[in-house]
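Given the structure is predicted, the values throughout are model-derived calculations rather than measurements. Residues take their numbers from the sequence shown, with the count starting at 1.
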Amino acid sequence: MQEYKFTINSKFILKDVFELKLTCDEPLPSMIAGQFVHIKVPGDEVLLRRPFCLYRWDKKSISLLIQVVGKGTQRLAKLKKGDTVYGIMPIGNGFKLKPSHKKIALVGGGIGVAPLLMIPKSCLGREQDTVKLTENMIVPVKQTIKGTEIRSYLGFTTKAKTILSTGFSSVSEKVIITTDDGTYGIKGYPTDALKADIEAGFIPDVILCCGNHNLTKAVQKICIEHNIEGYMSGEERMGCGVGACLVCTCAVKVGGGQAKHLRACVDGPVFNIAEVVL
């Protein structure tokens with residue numbers, strides 16, 4: 001990992017969520033979904049860096065999807081195009097797929113859906129291309145890999161909070177959106193939709209999850225009950241981001257033995273979901 005200087009181009013998507021695109025003059029390293037960047041927030045009022053999972057990237061830029069929840073993210077939301085920030089990356093262990101993972105379920109909740117979007121590209125090589133039909137209309141084109149099937153289950157509190165449905169449609173054979181209040185998609189939770197598909201005969205070879213504690217716990221239960229391999233990226237708070245401060249430790253049963261406290265920033269943030277104590 002190393003520190004890079006980025007130039008900012010930000011775009012708001014929702015009232016409290018914005019996309020931050022960072023471009024860099026030097027080539028960026030290779031990355032995989034689930035890894036993150038540790039951003040130094042400009043100004044003196046925020047001392048600690050802020051960790052953000054990578055949402056999109058290429059050889060010269062990365063994009064972050066950020067929810068405004070505190071002083072650090074509020075400060076980042078006020079930055080303008082042309083401003084600069086510094087980020088250490090790539091940090092952590094991301095999602096990985098095996099050749100045996102042909103049927104893949106992506107399960108995300110809220111802002112936690114963002115790190116899952118690049119899994120098909122970074123782990124399978126399934127590119128996301130676009131075809132421009134008119135000046136203001138860009139339609140994503142899905143490229144499939146023979147023998148693989150990806151289904152995405154995305155949960156939000158309400159229609160106004162729904163994000164990235166089009167992006168997931170471009171890399172998934174099936175996308176199911178759920179909302180807590182039923183204002184968009186199916187009323188309920190993404191794990192309800194996943195369980196319904198499993199009962200209907202879709203048995204994933206692997207489930208990859210990112211979201212809050214309740215979501216990951218529900219996915220863990222599904223994995224254990226149906227003997228499905230699963231991996232999760234949680235939402236632990238981080239301090240230093242490089243494994244020194246121990247703020248982000250979580251209990252993990254390594255090798256099926258006693259639980260050990262591992263650091264989400266460098267030992268994770270992706271863990272085998274069956275081994276995490278939730």
Can you confirm whether [X] sits close enough to [Y] that some side-chain heavy atom of one is under 4.5 Å from a side-chain heavy atom of the other?
| X | Y | result |
| --- | --- | --- |
| Gln220 | Thr216 | no |
| Glu229 | Ile207 | no |
| Val107 | Val113 | no |
| Ile62 | Val37 | yes |
| Phe271 | Leu262 | yes |
| Ile150 | Val171 | no |
| Leu117 | Arg56 | yes |
| Leu64 | Phe36 | no |

Between [X] and [Y] (side chain of the first, backbone of the second, donor and acceptor by atom type, cut-off under 3.5 Å), is there such a pair?
| X | Y | value |
| --- | --- | --- |
| Thr158 | Lys161 | no |
| Thr179 | Tyr184 | yes |
| Thr183 | Lys159 | yes |
| Ser122 | Met118 | yes |
| Ser170 | Gly167 | yes |
| Arg49 | Ile39 | no |
| His101 | Lys98 | yes |

Ring pair (Phe, Tyr, Trp, His ring centres under 6.0 Å) involving Tyr189 - partner list, sequence neighbours excluded: none
Can you tell me how far [atom2] of [Y] sits from [atom1] of [X], rounded to the nearest 0.5 angstrom?
| X | Y | atom1 | atom2 | value |
| --- | --- | --- | --- | --- |
| Leu208 | Ser152 | CG | OG | 10.0 Å |
| Glu275 | Lys253 | CD | NZ | 10.0 Å |
| Glu173 | Ile104 | CD | CD1 | 9.0 Å |
| Leu20 | Ser63 | CG | OG | 8.0 Å |
| Asp192 | Lys187 | CG | NZ | 11.5 Å |
| Thr178 | Ile186 | OG1 | CD1 | 7.5 Å |

Over 12 foreign heavy atoms within 6.0 Å of [atom1], [X]:
| X | atom1 | answer |
| --- | --- | --- |
| Asn227 | CG | no |
| Asp58 | CG | yes |
| Lys60 | NZ | yes |

Can you list everything that forms a salt bridge (Lys or Arg N to Asp or Glu O under 4.0 Å) with Glu26? Sequence neighbours excluded, please. none
For Lys21, the salt bridge (Lys or Arg N to Asp or Glu O under 4.0 Å) test, sequence neighbours excluded, returns none
Could you go step by step and tell me if Tyr231 and Ile273 meet the side chain to side chain contact (heavy atoms under 4.5 Å, CB included) rule? CA-CA 5 Å; Tyr231 297 89; Ile273 199 167; 5.8 Å; no
Is there a path of hydrophobic side-chain contacts, each under 4.5 Å between heavy atoms of I, L, V, M, F, W or Y residues, that connects Ile176 with Phe202? yes
If hydrophobic clusters are built from ILVMFWY residues whose side chains come within less than 4.5 Å, do Phe18 and Leu54 share one? yes
Between Ile119 and Leu116, does a side chain to side chain contact (heavy atoms under 4.5 Å, CB included) hold up when you go through it step by step? CA-CA 5 Å; Ile119 286 176; Leu116 302 176; 3.7 Å; yes
Tell me the closest heavy-atom pair linking [X] and [Y], and the distance in Å.
| X | Y | value |
| --- | --- | --- |
| Pro269 | Gly34 | CG-O, 3.3 Å |
| Ser61 | Leu28 | N-CD1, 3.5 Å |
| Pro115 | Gly112 | CD-O, 3.3 Å |
| Ile228 | Pro204 | CG2-O, 3.5 Å |
| Lys103 | Ile203 | CD-O, 3.6 Å |
| Leu194 | Ala105 | CD1-CB, 4.2 Å |

Quick one: side chains of residues 83-95, donor-acceptor pairs under 3.5 Å with protein atoms, not counting sequence neighbours, listed by atom name and distance.
from	atom 1	to	atom 2	distance (Å)
Asp83	OD2	Lys80	N	2.7
Asn93	ND2	Val266	O	3.1
Asn93	ND2	Asp267	O	3.3

Check Lys195 with Glu225, please: is the shortest side-chain N to carboxylate O separation under 4.0 Å? no
Would you be so kind as to tabulate the donor-acceptor pairs closer than 3.5 Å made by side chains of residues 65-74, with sequence neighbours excluded?
from	atom 1	to	atom 2	distance (Å)
Thr73	OG1	Val69	N	2.9
Thr73	OG1	Gly70	N	3.0
Thr73	OG1	Gly70	O	3.1

Could you walk me through whether Ile8 and Leu22 pass the side chain to side chain contact (heavy atoms under 4.5 Å, CB included) test, one step at a time? CA-CA 5 Å; Ile8 290 181; Leu22 309 174; 3.6 Å; yes
Steps toward side chain to side chain contact (heavy atoms under 4.5 Å, CB included) verdict (Cys209, Leu215): CA-CA 8 Å; Cys209 168; Leu215 177 65; 4.2 Å; yes
Tell me the salt bridge (Lys or Arg N to Asp or Glu O under 4.0 Å) pairs involving residues 196-207, sequence neighbours left out? Arg151-Asp197, Lys174-Asp197
Taking the six-membered ring for Trp, are Phe6 and Tyr4 parallel (under 30°), tilted (30 to 60°) or perpendicular (over 60°)? tilted
